[in-house]
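Report on one structure; see the data block that follows.
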Number of protein chains: 2
Amino acid sequence: MATIYDVARMAGVSPATVSRVFNGVGVSVAKVAAVRQAAEQLNFTPNRTARTLRRQSSEVIALVIPDIENPYFTEMARGVEDVASEAGYSVVLCNSDAQVEKESTYLRIAIAEHMSGVIVAAASDRTNLDELLGTGRPVVAVDRSTGHDIDGVVMANRDAGLSATENLIESGYRRIAHIAGPEHIETAAERAEGWRRALAAHDLPSEGLLRFSSFRVDGGREVMEELLALPEPPDAVVAGNNLIGVGAIQVLTERGLTPPLVGVAVIGSLPFTTLSPSLVTVVRLPARHMGVMAARMLLDRISGDDQPARTVVLRNELLPASVSR
Amino acid sequence: MATIYDVARMAGVSPATVSRVFNGVGVSVAKVAAVRQAAEQLNFTPNRTARTLRRQSSEVIALVIPDIENPYFTEMARGVEDVASEAGYSVVLCNSDAQVEKESTYLRIAIAEHMSGVIVAAASDRTNLDELLGTGRPVVAVDRSTGHDIDGVVMANRDAGLSATENLIESGYRRIAHIAGPEHIETAAERAEGWRRALAAHDLPSEGLLRFSSFRVDGGREVMEELLALPEPPDAVVAGNNLIGVGAIQVLTERGLTPPLVGVAVIGSLPFTTLSPSLVTVVRLPARHMGVMAARMLLDRISGDDQPARTVVLRNELLPASVSR
DNA sequence: ATGAAAGCGCTAACAG
DNA sequence: CTGTTAGCGCTTTCAT
């Protein structure tokens, strides 16, 4: 690999001048031309590692998410990436697999690699950002808030749970279960709270109808089966996220209980569903937009913005099933 | 951030010794203990950028894929990540968005950041690896082969197209269309070739029944609509990948032509489908395994293996629909 | 086994 | 506008 010295020699200038050419500072047109030509000829690319070491920061941001196979998070990643790459930043995607240890490893790498900032969807409420924040790096929380006083972008989760449930109530369902995500994850708890409130407001029963699960397809399947095995099974169900929804609908379909025979409302979109869209209620969560907002806030912080921490709450959109029992 | 010098001073040793402690070379137990304790106290993490600059290589590999929102590729990414992280490597995921220019940018970053190797699912047949290969870095092609003489892992695409089509023929369908991916993408062309052969072998018509599209849901939807508008519409369809399959099934469902009314075979899994699995034929492609194999080959190369280039072809598994017309 | 010292390739004062 | 120079933090000879 050619270095800045090779280019300098070939162009008959000093290494500093070559550096300047590649960093947009004032250099005479003649030398710029000479340097560019030499660089071209030598196939020179500035060595980012050296630049990073010298500058103590790199144009890379880390995005740490708990499940790279969940379309909700990949949609969000697209939003982050679009904003970041527009601004000349690269995004490295890290999959914490919902494990705090893996998450810590990636956060440590972000520090050790001098990345400029981090966007993190916390693996759990035990996520520890102290070390990262101690380095002064900007960090933005997405999807789930953390215990720390930092910028964040979250969904209106309680509202989502509430409106999903109310929609089912309006459609005439009366025994509405909720398959929530893990109990210690904020989004899950909040959505469950919304579900509970909706039922309470309409004097409907909730006892025995709330189940915590994993935010995954098999979690949704398992719990749906349990619910159907109940002496008095529910006539409708609110799925705590997209994957739980998929699992629940799969089980219902296999049993011939295709919605709207059993009412289904899902918190989150079902991008790859093959079901006719009018059969289930969906609360669309603006995942891409969440990524966009988070990236913008992070970039602001990186360029020195030091306002007090902000939390943005994103509204969601109810797409009611158009067919009911 | 504490440096190796801070630790050295505190532990009463030289910086070189600290370095040795963190690189597993022979150091007396007493000093090891002193260094570890000092490091702990100062919360020291070796600076990777400096290490990379010095060593001219980093324990990071890049994985470049054309669509991060496609579960096929994220499943593959999981396979890569599991193997890599086991071996102490981190994986940075880069989304080329099926654009050769974005892809080039990421490949250039991989060089400039001294990454140890690259796994790439080529954006198109115009993907250019010359610059990357010129640096001597190991590169493994996945999913799609490249023009270059490098290791690769691909699916048995022709076979996949063939067996998907034959399954539909056996189920009694006679007018079988194929919605393929982009014509200039190898996987699409090969699967189409399999479809064509199956039809030819059974003296069935193919004329006007092959459509190239994008490997995305809207591509599948669009073409499915076109096909249904034909004067003589097909009675079955082979979808060129998972997303095309989703789009096609969505359109059929909306028209009340739910499979098996119209036969559907999909090349690729439908992880988030809510359709009863027995209604469509699926050719399962071992995406995770592809990632695992690719990562292993790359790691081998990184540790110096210099055998001639190998190409691994992965067999797929036919999961026939259990219900037919 | 340990330390001293020389860079890896780049950028940012500082002079001129 | 341009060149000289001193590191960024680490690893790795080369001595000892």
Side-chain angles (χ1 to χ4, degrees), chain A residues 1-36 38-39 42-60 88 108-116 135-137, chain B residues 1-36 38-39 42-60 88 108-116 135-137:
Chain A
M1 289 298 307
T3 77
I4 215 173
Y5 289 92
D6 304 325
V7 177
R9 199 175 320 118
M10 185 165 206
V13 301
S14 78
T17 298
V18 178
S19 171
R20 289 185 186 111
V21 169
F22 282 89
N23 289 283
V25 212
V27 177
S28 71
V29 271
K31 304 219 162 180
V32 169
V35 168
R36 290 229 177 277
L42 293 168
N43 209 327
F44 167 79
T45 314
N47 181 322
R48 287 195 177 221
T49 304
R51 167 183 294 185
T52 300
L53 178 59
R54 178 60 227 235
R55 287 218 203 144
Q56 301 288 359
S57 99
S58 72
E59 268 97 59
V60 176
R108 209 161 291 128
I109 290 181
I111 299 172
E113 299 266 16
H114 290 299
M115 295 182 190
S116 315
T135 68
R137 268 186 191 65
Chain B
M1 289 299 304
T3 77
I4 215 174
Y5 289 92
D6 305 324
V7 178
R9 200 175 321 122
M10 186 164 203
V13 301
S14 78
T17 300
V18 178
S19 171
R20 289 187 183 109
V21 169
F22 283 90
N23 290 283
V25 211
V27 177
S28 72
V29 271
K31 304 219 165 185
V32 169
V35 168
R36 290 228 177 277
L42 293 168
N43 211 326
F44 167 79
T45 314
N47 181 322
R48 288 196 176 218
T49 304
R51 167 183 294 184
T52 300
L53 178 59
R54 178 59 227 240
R55 290 221 197 133
Q56 302 287 4
S57 98
S58 73
E59 269 98 59
V60 176
R108 209 161 292 130
I109 290 181
I111 299 173
E113 298 265 17
H114 290 299
M115 296 183 189
S116 316
T135 68
R137 268 186 191 65

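Proteins come first, then strands; the chains are lettered A, B, ... in the order of their sequence lines, and each starts at number 1. All figures in this text were calculated on a predicted structure; none of them were measured in a lab.
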First locate atom OG1 of Thr135(A), then atom CE of Met115(A), and finally report the distance between them rounded to the nearest 0.5 Å. 12.0 Å
Please identify the 5'-most and 3'-most nucleotides of DNA chain C with any atom under 4.0 angstrom from a heavy atom of chain B. dA1(C) to dG9(C)
Below 4.0 angstrom from OP1 or OP2 of dT11(D), is there any side-chain N or O of Gln56(B)? no
Rounded distance [0.5 Å steps], OG1 in Thr45(B) versus CZ in Arg108(A): 6.5 Å
Are Arg36(A) and Phe22(A) in a cation-pi setup, meaning NZ or CZ lies under 6.0 angstrom from the ring centre and within 45 degrees of the ring axis? yes
Comparing nearest nucleotides in DNA chain C, the 5'-proximal residue of the pair Leu53(B), Gly12(B) is Gly12(B)
Can you give each donor-acceptor pair under 3.5 Å made by side-chain atoms of residues 52-59 of chain A, sequence neighbours left out, with the distance rounded to 0.1 Å?
residue: Thr52(A); atom: OG1; partner: Arg48(A); partner atom: O; Å: 2.7
residue: Arg55(A); atom: NH2; partner: Asn23(A); partner atom: OD1; Å: 2.8
residue: Ser58(A); atom: OG; partner: His114(A); partner atom: O; Å: 3.3

Determine the minimum heavy-atom distance between Val7(B) and Val35(B), stating which atoms define it. CG1-O, 3.9 Å
To the nearest angstrom, how far is Leu42(B) atom CG from dG9(D) atom C1'? 15 Å
Do Ile111(B) and Arg137(B) have side chains that approach each other closer than 4.5 Å (heavy atoms only, starting at C-beta)? yes
Closest to the 5' end of DNA chain D, once Ser28(A) and Tyr5(A) are matched to their nearest nucleotides, is Ser28(A)
From Glu113(A) atom CD to Glu113(B) atom CD, the distance as rounded to the nearest 0.5 Å: 7.5 Å
Protein-nucleotide distance (Arg54(A), atom CZ; dG7(D), atom P), rounded to Å: 10 Å
Atom CG of Asn47(B) to atom C1' of dG9(D): distance rounded to whole Å? 5 Å
DNA chain C: Arg55(B) or Pro15(A), which has the more 5' nearest nucleotide? Arg55(B)
Residues of residues 16-23 of chain A with a heavy atom under 4.0 Å from any atom of DNA chain D, listed by number, are Ala16(A), Thr17(A), Arg20(A)
Can you check the Arg48(B) CZ to dG9(D) P distance for me, whole Å? 17 Å
Taking every heavy atom of Ala8(B) against every heavy atom of Ser14(B), the minimum-distance pair comes out as CB-C, 3.7 Å
Is the closest side-chain heavy-atom distance between Thr3(A) and Asn47(A) below 4.5 Å? no
